[in-house]
Amino acid sequence: MKKRKNTWKIRLVPNRPAKGKSSDCIAEVEVAGRTLRNEDIARAITGKGKAFFPVAEKCFSMRGKNVFP
């Protein structure tokens with residue numbers, strides 16, 4: 001399997017608990033577009049075939065646990 005390199009677009013925001021420390025920041029990931037959950041993807045694939053929805057959702061859940069341990 002080919003390794004994939006992800007690039008995340010972030011912005012730095014001040015860390016509120018560290019008031020007065022201008023160098024203390026938190027990185028927030030900028031989300032481009034709509035973020036889909038496993039449930040959303042399973043629903044899009046199965047359409048109106050509700051019988052297959054639980055199977056598709058379970059497959060995506062298992063994929064997530066293996067790809068992003």
Side-chain angles (χ1 to χ4, degrees):
M1 178 183 265
K2 184 179 178 182
K3 275 201 162 189
R4 204 172 118 186
K5 182 178 180 182
N6 293 321
T7 303
W8 298 83
K9 191 173 186 181
I10 62 166
R11 62 187 157 112
L12 296 176
V13 294
N15 186 4
R16 290 183 190 178
K19 290 180 182 175
K21 295 181 182 178
S22 60
S23 63
D24 195 3
C25 296
I26 296 174
E28 288 185 352
V29 177
E30 290 187 17
V31 178
R34 187 173 152 234
T35 302
L36 298 175
R37 298 182 318 233
N38 288 340
E39 181 181 339
D40 300 323
I41 298 168
R43 196 171 308 286
I45 290 172
T46 58
K48 295 186 181 192
K50 294 184 183 208
F52 297 108
F53 175 76
V55 175
E57 188 177 25
K58 178 74 174 174
C59 288
F60 283 115
S61 175
M62 291 169 57
R63 174 207 44 99
K65 290 176 184 172
N66 288 303
V67 174
F68 309 109

Give the minimum heavy-atom separation between V13 and E28, together with the two atoms involved. CG2-OE2, 3.7 Å
From CG (D24) to CG (L12), nearest 0.5 Å: 11.0 Å
I need the minimum non-hydrogen distance between F53 and A42, along with the two atoms involved. CE1-CB, 3.8 Å
